[in-house]
Every structure is written in C-alpha cells, then in structure tokens.
Number of protein chains: 2
Amino acid sequence: MQASEGVQVKPGQSPGEAAILSAGVRLFAEQGFDGVSMRGVAQAAGVSKANIYHHFSSKEALYLAILQASAAETAALIENLADGAGGFDERLKEFSKAYQQHLFDRHLSSRLLLREALLGDDKKGKKIADQVVGNVFRRMISILRAGQEAGVLREDLDPALCAFLLMGANAFFFQAQGILKHFPEAGFAREGDCFSDGMVEVLLHGMLNQTGGVADQERAS
Amino acid sequence: MQASEGVQVKPGQSPGEAAILSAGVRLFAEQGFDGVSMRGVAQAAGVSKANIYHHFSSKEALYLAILQASAAETAALIENLADGAGGFDERLKEFSKAYQQHLFDRHLSSRLLLREALLGDDKKGKKIADQVVGNVFRRMISILRAGQEAGVLREDLDPALCAFLLMGANAFFFQAQGILKHFPEAGFAREGDCFSDGMVEVLLHGMLNQTGGVADQERAS
DNA sequence: TAACTGACCGACCGTACGGTCAGTTTTAAG
DNA sequence: CTTAAAACTGACCGTACGGTCGGTCAGTTA
C-alpha cells in the first residue's frame with residue numbers, strides 16, 4: 001500500500017480534513033462527480049458525513065477544493081518541465097518523458113483533471129485551460145517557434161498544432177492505458193518510456209523512409 | 001434543429017422506443033451514466049418513465065442498448081475506412097480525414113464510446129476494445145506493416161505505436177474540441193480538415209527540417 | 001474553574017432516485 | 001365488431017441521496 005497521492009497534510013489542516021481530501025481525490029478520479037456519494041467519501045475517509053460538512057460547505061465545494069489542489073500541484077510541477085537545456089531534440093524528448101512520468105506519478109489528479117477538462121462543462125473547462133495547461137501550452141508553442149527561427153523546425157508547420165500533438169499524444173496514451181492492456185499488439189504500452197521515446201521519434205523525424213537523406217544511418221546507431 | 005443522431009427507426013421499433021433511444025444517447029453522451037435520471041430520459045423523450053421500463057428492463061439495460069447501437073454503427077462505418085486505394089501517404093491521409101469526419105458527424109455516439117472506453121470499468125472497456133476499435137486497430141497495423149515491407153515505412157518503428165498515434169491523435173483532438181475553443185493560438189481547431197492534414201503531415205514527415213534531403217522542395221509545392 | 005473554540009458525531013429531513021404495478025389506450029389481425 | 005397483444009400511463013414503493021441540527025468532547029486561554 002503506497003501513500004495517498006496528491007494530498008499532503010498542510011499546516012492548519014486537521015487529520016480528518018486530510019483524510020477527506022485524500023479519499024475524495026481517489027473516489028472522484030475513479031467514479032466522477034455524480035458517481036460519488038458523500039457517505040462514500042465519509043466511509044473511505046473514516047470520518048462521519050457531518051464532519052465533511054464541517055470542513056466543506058457542500059459536495060460541490062469539496063469537489064472544487066480537490067480539483068483546485070490537483071490543478072495547482074499539477075501546474076506547479078509542469079511549470080518546470082520546459083526549462084531543460086540541450087538541443088532542440090533533447091529538450092522535446094525530455095519534456096515528453098517528464099510529462100508522461102508526471103501523469104503516471106499523479107495518476108489520480110491527472111485523471112480528475114483530464115476528466116474535467118475534456119468532459120466537463122465549458123466554465124470548468126476554461127478554468128483548467130487557464131490555470132493548468134494554458135501556460136505550458138503557450139510555453140511549448142514559444143519553444144517550437146524558437147526552433148523555427150533557428151531553422152530546426154519546419155517553417156510550414158503550425159507550432160500550436162505541433163505542441164498540441166506532443167502534449168495530446170501523452171495525455172491520450174495515459175487515458176488509454178486501461179484499454180491498451182487488452183491489445184497484445186500494443187507492446188509499447190507495457191514498457192516504461194517506450195511510448196514516449198517512440199512517439200517523439202515519430203513526431204520529430206516522421207514515419208516515412210526519407211528517400212535521399214543520411215538520417216537513416218544516423219538513426220540506426 | 002437537426003435530426004437526432006444515431007438512432008434511426010428500425011422495423012419493429014415503436015416511435016416511443018426510438019424517442020427513448022434518441023434522447024438517451026444525447027443525455028448519456030452529455031452527462032454520463034450517473035448524471036442521467038430515468039425521469040430525465042422520459043421527459044426528453046416525451047414519454048412516461050414507466051414506458052421506458054416497458055421497453056428496457058433497467059437503466060443499465062437501456063444504457064447497454066444505446067452503447068451497443070453506437071458501437072455497432074461506429075464499427076460498421078469505420079470498417080470501410082481502411083479500404084482506400086492509392087499510395088501509402090494518400091491512404092493514411094484519407095483514413096485520418098474520414099475517421100475525423102465520422103467522429104464529428106456522430107459526435108454523440110463517439111463521445112459516449114470514448115467515455116466508456118477511457119473511463120469505464122475494465123469489462124465494458126474490453127467489450128468496446130473488441131467490438132469497435134479492435135478490428136480497425138489491427139487493420140491499421142497490418143497496413144503499416146505492409147508499408148514497412150514495401151520499404152515506405154521505417155523499419156525501426158513499431159507499427160502498433162504508429163497506428164495508435166494516428167487514431168489517438170484524432171480521438172484526442174475530438175475530445176479536446178471544447179477546451180481548444182479557449183485557446184486563440186489553436187487556429188487549427190477552427191477550420192475543418194486543417195488538423196487532420198497537418199497531423200498526418202507531421203506523422204509522415206516529421207517536424208524537423210531534413211538536413212540533406214530533397215523533400216523540402218517537394219513539400220513546398 | 002469557567003468560558004470558549006474547532007473537530008467531530010448520530011439522528012434526522014425533504015427530495016429524487018430506480019423500479020413496480022394495475023389499469024387505460026392504441027393497434028391490428030380474425 | 002371482437003379480441004388479444006402491444007404501447008403507454010399515473011400513482012406508488014423502498015431506498016439512498018445531499019444537507020442540517022443538536023450535542024459531545026478535547027484542547028486552549030484567562
């Protein structure tokens with residue numbers, strides 16, 4: 001049994017409140033807002049239902065608190081991803097690997113945020129867009145634009161589309177983890193880093209054999 | 001007001017049952033299983049709640065019927081996607097465009113299936129994996145493998161990973177449609193076919209400028 | 001000791017849920 | 001027209017829901 005994820009006891013936080021948040025993030029991530037009952041949270045947290053309402057004014061308030069904690073934590077950890085040094089290739093490779101690692105390390109928070117961002121109503125979706133992915137997305141775009149000015153990245157490509165591809169491929173791979181288990185062909189989903197490396201390789205150099213280049217020999221090493 | 005999606009009146013189907021299925025697929029797609037009440041379905045369908053139980057034995061049974069109808073329809077339409085003629089590039093391009101078109105045309109069914117496949121429990125996820133995406137995924141893999149044997153596709157790439165990238169990018173783009181509206185940078189999400197074309201271009205030829213090739217001039221045309 | 005506070009609980013309230021049933025209307029074949 | 005099955009309905013049932021309330025208890029301050 002590993003420690004609960006994403007909810008460390010903060011100063012001024014009673015153990016009951018911490019238990020509520022810890023149980024809540026797990027249940028909401030697994031079953032969604034409507035699939036979770038306050039009785040279920042109380043039981044999982046080992047506290048009374050009334051105690052939850054002592055700390056949070058409503059189910060919605062509890063959900064938002066958990067959502068915001070997850071968003072803040074994810075945003076903070078993700079902020080540092082794009083700062084790596086090295087060449088263009090290596091930076092993208094490192095970013096992708098670190099982003100994927102983060103998704104799996106904080107899988108409860110990630111699942112919760114993805115759920116809300118992709119399936120939630122527009123209001124909450126916009127909030128997540130602004131608070132969590134917005135900065136990283138824009139940063140990634142600016143990195144790609146710099147790559148274009150340096151002549152490394154093709155100028156005929158939309159940097160926003162490339163950024164979306166890079167982040168979206170990781171996010172979707174994380175989402176599809178469960179269903180990929182059912183496909184024996186998807187060996188890339190079983191070994192860590194295998195997907196991220198292969199994905200970045202495809203995004204950078206393409207799937208096709210280049211007809212007149214020397215890149216093939218370089219890749220073979 | 002456009003016609004309801006994905007639920008055509010079949011022979012032996014009363015108008016009430018058709019209305020129930022039509023309302024159900026919309027509500028379940030928008031709000032998920034737990035967010036929908038039978039009273040809500042009845043009201044949206046313009047029938048009594050008891051009438052639903054005349055046609056379906058339970059809420060779960062109604063949901064499964066809708067899910068299976070969506071799955072069958074999606075599977076049938078998708079089966080014909082991989083049969084296109086032409087060169088390797090064109091086939092993949094056409095497949096991607098048609099798949100994306102299908103996602104948006106049948107957005108309710110697609111949303112429902114993606115929801116269930118990515119967030120549902122393992123049992124239902126496996127069912128969808130087998131009945132809907134399984135065949136297409138395997139077909140796509142075999143096409144890519146043929147591309148490898150023909151020397152068009154790089155041999156050092158995992159065909160399954162490439163297939164997953166191609167289909168996953170489209171699926172995630174469809175899922176992220178709502179949140180992409182909030183990003184002014186994401187112009188590629190506003191114009192039809194723009195994403196699919198750009199995405200396939202990146203997947204085929206890569207993001208990087210090829211150092212010693214002649215492909216750049218070809219692409220510029 | 002007395003006053004006060006925040007954490008916590010069991011019992012309860014009104015409501016909406018999934019589901020049932022007796023009975024009515026519609027449909028269509030004989 | 002008769003009749004039986006199918007379509008359909010309003011009223012109802014038991015339950016679980018989100019939320020409230022009065023009160024207990026440990027710890028702090030004065």
Side-chain angles (χ1 to χ4, degrees), chain A residues 4 7-69 112 116 120-121 124, chain B residues 4 7-69 112 115-116 120-121 123-124:
Chain A
S4 62
V7 185
Q8 48 266 48
V9 181
K10 294 173 185 173
Q13 191 179 62
S14 71
E17 185 174 355
I20 292 167
L21 290 171
S22 177
V25 70
R26 203 193 80 230
L27 291 176
F28 281 128
E30 287 171 353
Q31 296 161 235
F33 182 83
D34 291 315
V36 172
S37 74
M38 295 298 264
R39 283 167 177 82
V41 176
Q43 186 172 352
V47 302
S48 72
K49 182 163 67 79
N51 190 17
I52 303 183
Y53 284 94
H54 173 70
H55 292 290
F56 305 94
S57 63
S58 68
K59 184 185 182 184
E60 179 88 12
L62 169 63
Y63 185 65
L64 285 181
I66 291 174
L67 212 58
Q68 285 211 340
L112 196 64
E116 201 59 52
D121 52 273
K124 290 181 188 166
Chain B
S4 62
V7 185
Q8 48 266 44
V9 181
K10 294 174 186 172
Q13 191 178 63
S14 72
E17 184 174 356
I20 292 167
L21 289 172
S22 176
V25 70
R26 202 193 83 231
L27 291 176
F28 282 127
E30 287 170 353
Q31 296 161 230
F33 181 83
D34 291 316
V36 172
S37 75
M38 296 299 264
R39 284 167 177 81
V41 175
Q43 186 172 352
V47 302
S48 71
K49 181 163 66 78
N51 191 16
I52 304 183
Y53 285 92
H54 173 69
H55 293 290
F56 304 94
S57 63
S58 68
K59 184 185 182 183
E60 179 87 12
L62 169 63
Y63 185 66
L64 285 181
I66 290 174
L67 212 58
Q68 285 211 342
L112 197 64
R115 193 179 216 127
E116 201 59 53
D121 51 272
K123 302 269 169 89
K124 290 181 189 164

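Chain identifiers are assigned alphabetically (A, B, ...) following the order of the sequence lines, protein sequences preceding nucleic acid strands; residue numbering begins at 1 within each chain. Basis for what follows: all heavy atoms, side chains included, without hydrogens, waters or symmetry-related copies.
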Measuring from the side chain of [X] (C-beta onward, heavy atoms only), which nucleotide among [options] has the closest atom?
X	options	value
B:His55	D:dA7, C:dG18, C:dA7	D:dA7
A:Ser48	C:dG19, C:dC8, D:dG18	C:dC8
B:Ala50	D:dT9, C:dC8, D:dG18	D:dT9
B:Asn51	D:dT9, D:dG18, C:dT20	D:dT9
A:Val47	D:dC17, D:dG19, C:dC9	C:dC9
B:Pro15	D:dG18, D:dC8, D:dC12	D:dC8

Would you mind reporting whether [Y] and [X] have side-chain heavy atoms less than 4.5 Å apart?
X	Y	result
B:Leu64	B:Phe56	no
A:Met38	A:Leu62	yes
B:Leu21	B:Gln13	yes

Could you check how far [atom1] of [X] sits from [atom2] of [N], rounded to whole Å?
X	N	atom1	atom2	result
B:Arg39	C:dT15	CZ	P	14 Å
B:Gln43	C:dC17	CD	P	10 Å
A:Tyr53	C:dC13	OH	C1'	13 Å
B:Lys59	C:dG19	NZ	P	8 Å
A:Asp34	C:dG18	CG	P	11 Å
B:Met38	D:dT9	CE	P	14 Å
B:Lys49	D:dC13	NZ	P	13 Å
B:Ile52	C:dC21	CD1	P	17 Å

Parallel, tilted or perpendicular: ring planes of A:Phe33 versus A:Phe28, cut at 30 and 60 degrees: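 It falls in the parallel class, under 30°.
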Touch class at under 4.0 angstrom, heavy-atom based, for A:Val41 against every strand present: nothing
A:His54 side-chain N/O to C:dA7 phosphate OP1/OP2 under 4.0 Å: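 Affirmative; the distance criterion is met.
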N or O in side chain of A:Ser14 less than 4.0 angstrom from C:dC8 OP1/OP2: yes
Greater than 12 external heavy atoms within 6.0 Å of A:Gln43's CD: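 Open.
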